[in-house]
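I have a structure here, written as structure tokens, and I will follow up with some questions on it.
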Amino acid sequence: MKKHLTKLFTLLLPVLLLTGCWQEEPPEDTGLIVPSQEPPQEVEPLLPAAFSLPYAPGQSLDPIDCPDGPQQTVASLLFEGLFHLTPGLEVENLLCESYTYDPERYAYAFTLREGVLFSDGSPLTARDVRSALERARQSERYGARLAQVASVSARDGVVTVTLSGPNTGFPALLDIPIAKESGGTVLGTGPYLLSQDENGTCLTANPTWWRGGGQPVERIGLVEAADRDAVLYHFSSHDVQLMAADLTGADPAVFTGSVSQWEADTTIMQYLGINTASPALGSDALRRSLGESINRDHIVSGFLSGHGRAAQFPVSPLSPLYPEALETRFSADALSRAVGQLGAPEHILTLLVNEENSFKVSVAEDLASSFTAAGLPVETRVLPWEEYTAALAAGDFDLYYGEVRLTADWDLSPLLSTGGALNYGGWADETTDRLLAACSAAEDRAAAMESLCAHLRQYAPILPVCFKSTSVLTQADVLEGPTPTAAEPLYNLTGCAVHLRED
């Protein structure tokens, strides 16, 4: 989704974002000024002479351990994975030509694409992929994602990954960039090469890229920006033309200038967690009514300024696994009806939220206010992150507003299984555990997810609210046609056009 924001003096102003709407005051009519009836003159766009990205030369570009932010944007042009995720969060083959799955051994055999070369001209081999995945298994970034991997082997262009249990969605986890260590540097197979020329460090189009070319520019400049403030400065001053940002994060960016904006959907879910052991929330009917009374569209548009998608289930609405047919209508009086039938609790319920993110605090306060107005008294308790997580771990809450980055295979076990690491609400249910296991092993994953979500709708152990999006921002009129993803701001690179000034 593209939003063209012209003459945007402050892209992210908290007052505007929290109200969800803004309207200019009309000019006072003094009767002395007659508006011109002539059409406005077209203004030539101020295009740069080169396309550049921010870059921190003192930080790693190794995709296994490079820091979040601009370094990952640069790395996404140097390295590729066996697969990547489309803007619709579906799995798409990249360095993997094809694969088979043996459900008896929980083993995947990935056949590599032929003719793929690293940036030094050496061919991609199964041993290279095995080494990259073994390194990823030991890394902080990817270790938890690959915890189910029991072994990795390589032979004749085929990489075999054996799991410790069933997971028919495992390929979605293998968008991990494949990097080859050589002489103290890491090599990739991507569309660009890290280079040096008379103007400094840059990216140059890879002439041996397996896709056969199609890069929108031959050279991408890299402008030194060691920290976030430097990135914002260089973007505002037009030294760099692209940056990725979480505009509803704990420390959102504020800058000036004319920009174009695209949204990239993520697997980051915001939800209302419930202490199912709390006597006040032990009723399935009451928890269901809480879910029906959440105006998710209002939250996304009014508090997140559209940077997300409303969701009633713990899978992105973009995913083909999302059971849209199970959705229920928002009901403003659902909770008041339930309270009238079941009675109000004897004490005020507590809704926890961490103080670092003003957007989440505002959503939590809005939910508490609407629940209280419906007859269920709720007050927010805003805590620093350490105290917030400690209270969750101790079960010291009735409700909490949470955020979790789900894996792209939509494994919900940490959140919903008995004893799950993120199951702060203490939900323990044999049917849920069985349905979670069925999702992991299912050949028909959509049907299995629908069965799980139908059960979750009935018992409401958590109440999903939305899935966030991140933003890719460019100087106006410079970039045309991108369809970004959270991992690849320049996904669909060959379909993009870069417009530069002709000197």
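Any value given below was found using the heavy atoms of this structure, including those in side chains, with hydrogens, waters and symmetry copies removed.
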(Q) Give me the atom names and distance for the closest heavy-atom approach of Ala442 to Ala448. (A) CB-CB, 3.5 Å
Q: Report yes if the side chains of Trp262 and Ser469 come closer than 4.5 Å at any heavy-atom pair, otherwise no.
A: no
Q: Any chance you could measure Leu146, atom CG, to Ser139, atom OG, to the nearest 0.5 Å?
A: 7.5 Å
Q: Examine distances only and state if a side-chain atom of Ser236 and a backbone atom of Tyr233 form a donor-acceptor pair shorter than 3.5 Å.
A: no
Q) Are side-chain heavy atoms of Leu456 and Pro314 found at a separation under 4.5 Å? A) yes
Q | Donor + acceptor pair across side chains of Tyr101, Glu443 (<3.5 Å) | A | no
Q) Tell me, do Leu479 and Cys496 make a side-chain contact under 4.5 Å, heavy atoms counted? A) yes
(Q) Please identify which of these residues, Glu327, Met449, Glu450, meets the side chain to side chain contact (heavy atoms under 4.5 Å, CB included) condition with Tyr322. (A) Glu327
Q. Which class fits the ring pair Tyr400 and Tyr424: parallel under 30°, tilted 30 to 60°, perpendicular over 60°?
A. perpendicular
**Q.** Under 3.5 Å side-chain donor-acceptor pair for Ser319 and Glu90
**A.** no
Q. So do the side chains of Thr328 and Gln312 get within less than 4.5 Å of each other, counting heavy atoms only?
A. yes
Q.
Thr485 vs Leu85, test: side chain to side chain contact (heavy atoms under 4.5 Å, CB included). Steps then yes/no.
A. CA-CA 8 Å; Thr485 69; Leu85 297 180; 5.7 Å; no
(Q) Is the distance between the ring centroids of Tyr99 and Phe170 under 6.0 Å? (A) no
Q. Does one side chain, of Asn275 or Ser278, offer a donor that lies under 3.5 Å from an acceptor on the other?
A. no
Q | Side chain Arg309, main chain Leu318, donor-acceptor under 3.5 Å | A | no
Q) Any luck finding a side-chain donor-acceptor pair between Asp102 and Thr100 under 3.5 Å? A) no
Q: Taking the side chain as every heavy atom from C-beta outward, state whether Val240 and Leu53 have any pair of such atoms under 4.5 Å apart.
A: no
Q. Ignoring hydrogens and geometry, is there a side-chain-to-backbone donor-acceptor pair from Thr276 to Gly425 under 3.5 Å?
A. yes
**Q.** Main-chain N/O of Thr470 paired with Asp246 side-chain donor or acceptor, under 3.5 Å
**A.** no
(Q) For a 4.5 angstrom cut-off between non-hydrogen side-chain atoms, does Tyr106 reach Ser164? (A) no
Q. Below 4.5 Å, heavy atoms only, C-beta onward: do Pro384 and Glu356 meet side chain to side chain?
A. yes
Q. Would you find a donor on one side and an acceptor on the other, under 3.5 Å apart, between the side chain of Gln71 and the backbone of Gln59?
A. yes
**Q.** Which atom of Ala250 lies closest to which atom of Asn357, heavy atoms considered
**A.** N-ND2, 3.6 Å
Q. So how far is it from Leu399 CG to Leu367 CG, rounded to the nearest 0.5 Å?
A. 9.0 Å
Q. Quick one: do the Asp411 and Asn167 side chains pair a donor with an acceptor below 3.5 Å?
A. no
Q.
Whether Arg145 and Asp175 form a salt bridge (side-chain N of Lys/Arg under 4.0 Å from carboxylate O of Asp/Glu) is what I want to check.
A. yes
Q) Taking C-beta and beyond as the side chain, do Leu349 and Leu281 meet within less than 4.5 Å on heavy atoms? A) yes
Q. Rounded to the nearest 0.5 Å, how far does OH of Tyr142 lie from CZ of Arg135?
A. 10.5 Å
Q.
Quick check: Phe313 with Tyr271 (ring centres under 6.0 Å apart)?
A. no
Q) Taking all atoms of both residues into account, what is the closest heavy-atom pair of Phe79 and Leu61, and its distance? A) CE1-O, 3.4 Å
Q.
Ignoring hydrogens, what is the shortest heavy-atom contact between Leu473 and Phe235? Give both atom names and the distance.
A. O-CE1, 3.6 Å
